[in-house]
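For ligands, and for the atoms within them, numbers begin at 1 and follow the listed sequence.
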Amino acid sequence: MRGRWLGAVVGAALAAWPALAAAPPASSALPAQVDGARLRAADAEPGNWMSVGRTWDEQRFSPLRGIDTANVGRLGLAWYADLDTYRGVEGTPLVVDGVLYNTTPWNITSAYDAATGKRLWTYDPKVPPQFGRKACCDIVSRGLAAWKGKILIATLDGRLIALDARTGEPVWSVDTFAGEPPWSYTITGAPRVFDGKVLIGNGGAELGVRGYVTAYDADTGQKLWRFYTVPGDPSNGPDGAASDSVMPMAAKTWTGRWWEHGGGGTAWDSMVYDPKLKLIYIGVGNGSPWVQKFRSPGGGDNLFLASIVALKADTGEYVWHYQEVPGEQFDSTATQPMILADLDYGGRTVPVIMQAPKDGFFYVLDRRNGKLISAEPFVQTTWASRVDLKTGRPVETPEARYGETPVLLSPGAGGAHNFNPMSYSPQTGLVYFPAVQGFMTFAAAPSFTGGIGTAFAGHEALRKQQAEYADSHLKAWLVAWDPVRARAVWKVPYPRDGSGGTLVTAGGLVFQGTPDKTFAAYDARTGRKLWEAPVQSVPIAGPITYTVRGEQYVAVNAGWGGGLAHVQAAAFRDLKVAPGRLLVFKLGGAAKLPPQKPDDGFPPEPPYVRASEAEIARGGELYAKNCALCHAPLARGGVKDLRRMSPDTHAHFLDIVLGGARAKAGMASFADVLSKEDAEAIHNYLIARAREDWGEMRLKP
Ligand code: CA
């Protein structure tokens with residue numbers, strides 16, 4: 001039922017949203033006056049949240065203690081804002097001097113009075129809906145930046161835009177994809193501002209791109225330097241980029257004609273700045289295509305895939321790298337959140353960088369030189385038994401170099417930990433993040449025909465067996481990790497994966513959205529749940545906290561979606577969520593969410609199968625190639641479970657798939673790659689799949 005009115009509601013709401021211009025609160029005549037000195041001393045302004053990780057070390061630790069373990073039970077909703085979307089909301093808001101800035105799917109950006117929720121302005125960059133097809137993991141945005149009266153956003157279609165913080169009107173805009181081949185780049189990450197520069201990367205490694213990050217002048221948008229994360233075609237000579245000096249070294253770790261498919265290595269999320277060392281750390285993503293033999297047939301480490309790379313912040317020149325997964329082929333990325341901290345190793349203080357990436361090991365590196373200090377698994381890892389601390393390399397299992405026979409690997413492509421922000425408390429010495437113990441089937445396609453190079457069909461009996469094992473062995477929890485002793489201190493188990501990013505405060509609290517459609521606070525030392533509120537959706541984003549006129553607030557975006565929703569299968573069949581909302585809490589808050597629409601949880605009965613087996617099989621192949629990335633393999637879930645289509649969606653199937661009838665909801669037209677006969681074959685395949693599973697879907701989990 002959800003899908004039928006989704007497009008109409010979103011479209012109408014956007015059309016009705018004028019670019020409201022209103023005066024900012026009187027307390028701040030000139031909003032978002034954030035400069036280098038203020039960002040550097042962000043800890044001196046605990047009432048503000050001026051960059052995506054609050055401070056440059058991105059610890060997401062707040063010194064505020066107005067809300068604490070003793071009084072958190074009185075926390076209640078102060079205000080909320082409807083975000084008019086059913087897609088994932090992954091953004092971390094900013095708060096500067098009483099104004100809250102937020103970004104939502106399609107990079108629609110709004111400013112609110114942070115105390116009352118009064119909307120001050122909204123800016124819609126009008127991202128072309130076709131980019132919805134290029135974003136592997138939803139049309140999300142993970143955050144924004146503030147700089148000298150401007151709010152900086154990076155849009156899905158590659159623009160870096162500076163908005164006037166008073167009005168939301170654009171001041172300058174640059175195309176960060178300019179000068180590159182017309183590959184399927186997208187941006188979902190938050191821009192980072194440091195020392196007058198703004199840095200942004202991109203995504204797209206599921207569709208064949210070459211990753212890079214670019215620094216621009218934060219005042220003017222003038223391009224300063226670009227660093228490519230993987231080498232290009234050596235016969236073209238240097239790129240004229242900051243990465244030129246290190247690309248010959250990187251190219252020695254590749255074989256074949258990798259540049260034809262881009263190579264991947266997109267830096268789609270995490271970047272952290274150390275002002276003392278003047279280094280910027282880049283988290284680099286997976287290979288493109290996934291299967292190594294198709295991009296580098298002779299093997300090799302394929303630098304800088306799945307690596308943390310340290311660059312000189314001034315020039316973008318290479319300083320050091322640490323590769324977590326050499327020659328990766330599991331969609332393994334080092335793009336997950338990174339935190340800088342000074343850790344005490346028995347009286348010796350070491351400046352470290354920490355990361356809990358998709359691959360399931362928690363890495364601690366000396367951030368001066370990239371030397372590995374520890375790498376212990378935080379979930380079961382079946383691709384590698386351990387990481388050798390002497391060589392810094394993983395000890396792989398045979399399954400890691402999979403061929404055409406499907407293997408079940410943990411973690412899967414969704415990762416043991418994904419984008420969800422993690423936090424570190426200097427008080428407890430613990431790092432807090434959501435962990436997922438999940439398995440996924442990997443198999444190489446017989447030959448490369450585009451996309452990621454894995455096969456979604458073949459060996460059906462084995463696949464079904466593996467899918468059942470994966471479903472029954474999925475575990476998830478909130479973990480508090482001691483990075484010095486390299487072990488979990490406590491865990492809060494969840495009934496399924498999908499819990500959110502974390503915030504930790506000096507009040508001794510860890511805040512997190514849960515897959516039970518609640519927002520919860522835990523004792524940072526013990527993991528005891530101290531408070532929980534139903535919020536009708538799963539807040540997957542990172543919470544923040546701030547003060548206005550001395551009163552402390554906690555804010556989080558609650559909008560279920562993102563990459564996990566794309567690949568998720570049976571576990572979420574009964575997760576009915578409300579549209580995305582920005583939720584803001586305070587002690588004694590008494591606001592109420594409107595009641596959620598009732599839903600009996602029963603899928604409508606699918607039509608009867610009227611196609612031949614050959615037609616259904618052809619539809620299945622087309623589905624695997626064109627649809628599975630968002631709607632999940634075998635149509636078992638995804639961003640919308642296509643086994644649950646309403647009669648109305650069945651009736652308009654071709655209008656949607658070919659006509660783009662739901663483009664604004666994220667489902668752009670596929671008329672450029674699918675014929676009417678193709679779309680009908682896919683429809684018949686989906687009807688057959690729905691019939692096959694209908695009985696099972698009617699059961700409560
Ligand atoms: Ca990826």
Side-chain angles (χ1 to χ4, degrees), residues 88 90 131-142 156 183-189 201-213 229-230 258 261-271 282-292 294-296 302 304-309 323-338 355-360 383 400 402 409-420 436 438 440-445 448 450-454 456 497 540 561-568 628-633 638-639:
E90 297 187 354
F131 276 83
R133 262 173 64 186
K134 299 184 180 185
C136 74
C137 305
D138 214 343
I139 49 175
V140 297
S141 172
R142 297 190 193 86
L156 196 70
W183 283 336
S184 289
Y185 288 107
T186 50
I187 296 180
T188 54
N202 48 52
E206 272 60 56
L207 294 162
V209 303
R210 180 189 183 199
Y212 60 86
V213 296
T229 53
V230 295
W258 70 88
H261 307 305
T266 48
W268 52 262
D269 195 21
S270 182
M271 304 180 287
I282 310 293
V284 181
N286 59 279
S288 182
W290 288 5
V291 180
Q292 193 188 22
F294 296 136
R295 61 169 198 264
S296 186
N302 298 172
F304 293 102
L305 299 182
S307 303
I308 296 173
V309 183
Q323 188 173 42
E324 294 168 351
V325 188
E328 84 79 25
Q329 57 170 3
F330 335 106
D331 191 22
S332 195
T333 61
T335 52
Q336 279 60 54
M338 297 184 284
Q355 188 179 50
K358 278 185 181 180
D359 72 43
W383 70 275
Y402 61 84
L409 285 178
S410 167
H417 171 219
N418 207 304
F419 83 92
N420 315 83
V436 179
M440 179 173 155
T441 293
F442 288 87
F448 185 65
I452 58 178
T454 59
F456 285 108
D497 56 345
I540 53 176
L564 187 62
H566 283 206
V567 299
Q568 194 47 268
L629 200 60
C630 292
H631 293 283
V639 63

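- Ring planes of Y212 and Y185: perpendicular class, angle over 60° (limits at 30 and 60°).
- The structure places CG of N202 at 6.5 Å from OG1 of T266, a figure rounded to the nearest 0.5 Å.
- Side-chain N/O atoms of E206 and W290 include a donor and acceptor closer than 3.5 Å.
- With sequence neighbours excluded, the residues satisfying side chain to side chain contact (heavy atoms under 4.5 Å, CB included) with L207 are K134, S184.
- Ring geometry for F448 versus F294: interplanar angle of 30 to 60°, hence tilted.
- Between S332 and A306, the closest heavy-atom pair is O-CB, 3.7 Å.
- Around the Ca ion (ligand 1), the protein contributes the following N, O or S atoms under 3.0 Å, ordered by chain and number: E206 OE1, E206 OE2, N286 OD1, D331 OD1.
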